[in-house]
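For ligands, and for the atoms within them, numbers begin at 1 and follow the listed sequence. When a residue number appears, it is its place in the shown sequence, counting from 1. Values below: all heavy atoms of this structure, side chains included; hydrogens, waters and symmetry mates excluded.
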Amino acid sequence: MKVLIVGSGGREHAIAMAVAKSPKVDKIYCAPGNAGIAAQAECVPITAMEFDKLADFAQEQAIDLTIIGMDDPLVGGIVDVFEARGLRVFGPRKNAAILEGSKAFSKELMKKYNIPTAGYETFDDADAALAYLETVKLPIVLKADGLALGKGVLICNTLEEAKEGVKEIMQDKKFGTAGNRMVVEEFMTGREVSVLSYVDGKTIKIMSSAQDHKRAKDGDQGLNTGGMGTFSPSPFYTKEVDEFCKKHIYQATVDAMAAEGREFKGIIFFGLMLTEDGPKVLEYNARFGDPEAQVVLPRMKNDIVEVMEACIDGKLDTIDLQFEDNAAVCVVLASDGYPVSYKKGYPITGFEKFEGRDDRFCYHAGTAFNDKGEIVTNGGRVLGITATGADLKEARANAYAATEWISFENKYMRHDIGKAIDEA
Ligand code: AMP
Ligand code: GLY
């Protein structure tokens, strides 16, 4: 088989490494890819939003399966473009990717189908939102409706902050058109867990749980980022939590989408908060998490291509999804200054230590080749260093040891990824 992966981050590198293990696959392409993905795949210089060019390429190369890693093309309808040309593609259509693409849509869906989530109101108009804020309990959460690189969520402790937030989102359009609508949501407290799943329209199979660390600095300080590190499984995702979510959240979401005429095929990522009143949905994503994929996929025993094909064909019920009985931790190596401003173009060394290993992985996120053919930093999140271990503590020690194998100027990481493990 020939497989095309669309995207260029650490998540797509983890997908590429999983696909490379499939005995069914002879050739992998990645558009646009990065300097690390180039070891598994032939990188093609087409960006993820160039749907027609990507579909032309898939037709010309007779690609058997295209996997969409990123949210933007999914929400923009890339799957519909591929399907209209008779191309096999893994991911939700536009009318289903709205589960991630519109927070107002997902909140309404949860309300209609009694799926546990925080109470909320939706606003199309800043004045109405401002008036409503006078009546709410603080802190309060403001969310731009559309995609905003994971940055469109503001947690406001005072009324002044909240008013300023409404202004930023709806009037100053800090997150662009994502802020044409806004959700104002009750603030919840508890531990967060990421649960990824495969869905074929009817059947859902849950992957091993994970936890992200979204803030830039140790102790969950600093700004929100795309994610600074992950571990899997989450010790807080207990049997009771699993049973509750299976009863009230997972299948309920898949069935709700089908009932709305928005059959969902692909990955549903449930962002959950384990509150005192039980697990509640913080958000849905319509793709693998990044860097959740970097700890979940190395632990998956199945052939990923087989699982994805079963999703496309509506045969996921025939798959016995299995994970290793171990743990994995991913520490992101970033450019100092991320997520605000940082320099790029520094040469990176130390990759050779990861070669040929199946227990230490160096996933590339923001890397490129310079004109001397060296691999250099090319983004805020540069690499994701993943290690497995018999348990979480061992995996964490292994991951931090492996972060030392890599050197580049302005290398930055959090030193407390997986600290929560000690409290479990
Ligand atoms: P989201 O993009 O919806 O996952 O939000 C980003 C982050 O904001 C989440 O991972 C939570 O840490 C936080 N957050 C979102 N919604 C709430 C909420 N209702 N209560 C508390 N924290 C929230
Ligand atoms: N790591 C969170 C996300 O991918 O949205």
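Under 4.0 Å from ligand 2, not a single heavy atom of E100 appears. Neither the backbone nor the side chain of R11 has any atom closer than 4.0 Å to an atom of ligand 2 (non-hydrogen atoms only). The part of N285 lying near ligand 2 is the side chain, judged by heavy-atom distances below 4.0 Å.
In terms of protein heavy-atom proximity, atom 22 (N) of ligand 1 is closest to I155 CD1, 3.7 Å. Summary of contacts: the protein heavy atom closest to atom 11 (C) of ligand 1 is E192 OE2, 3.0 Å. For atom 23 (C) of ligand 1, the closest non-hydrogen atom on the protein side is L282 CD2, 3.6 Å. For atom 21 (C) of ligand 1, the closest non-hydrogen atom on the protein side is M188 O, 3.2 Å. Remark: minimum distance from atom 5 (O) of ligand 2 to any protein heavy atom is reached at R287 NH2, 3.1 Å. Regarding atom 16 (N) of ligand 1, its nearest protein heavy-atom neighbour is K143 NZ, 3.0 Å. Distance from atom 19 (N) of ligand 1 to its nearest protein heavy atom, with residue and atom name: E185 OE2, 2.6 Å.
Of the candidates R215, R414, K419, R414 is the only one forming a side-chain hydrogen bond (donor to acceptor under 3.5 Å, both in side chains) with D220.
Aromatic pair F361/F354: centroids not less than 6.0 angstrom apart. The ring of Y412 has its center no closer than 6.0 angstrom to the ring center of Y342. Between H248 and Y113, the distance from one ring center to the other does not fall under 6.0 angstrom. Checked against the 6.0 Å centroid criterion, the rings of Y132 and F123 qualify as a close aromatic pair.
Look at G289 and you'll find a heavy atom under 4.0 Å from some atom of ligand 2. Contact annotation: G226 has at least one heavy atom less than 4.0 Å from an atom of ligand 2.
Checking only distances, E283 never comes within under 3.5 Å of ligand 2, N or O to N or O.
Heavy-atom contacts from other residues, nucleotides or ligands closer than 6.0 Å to CG of D325 number 12 or fewer.
Near D212, the atoms of ligand 2 lying under 4.0 angstrom from a non-hydrogen atom of the residue are 1 (N), 2 (C).
Using a cut-off of 4.0 Å between Lys/Arg side-chain N and Asp/Glu carboxylate O, R396 and D422 are scored as salt-bridged.
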Go through the steps to decide whether R357 and D359 satisfy the test salt bridge (charged side-chain N to carboxylate O under 4.0 Å, His left out), and finish with yes or no.
CA-CA 6 Å; R357 294 191 72 138; D359 57 353; 2.9 Å; yes
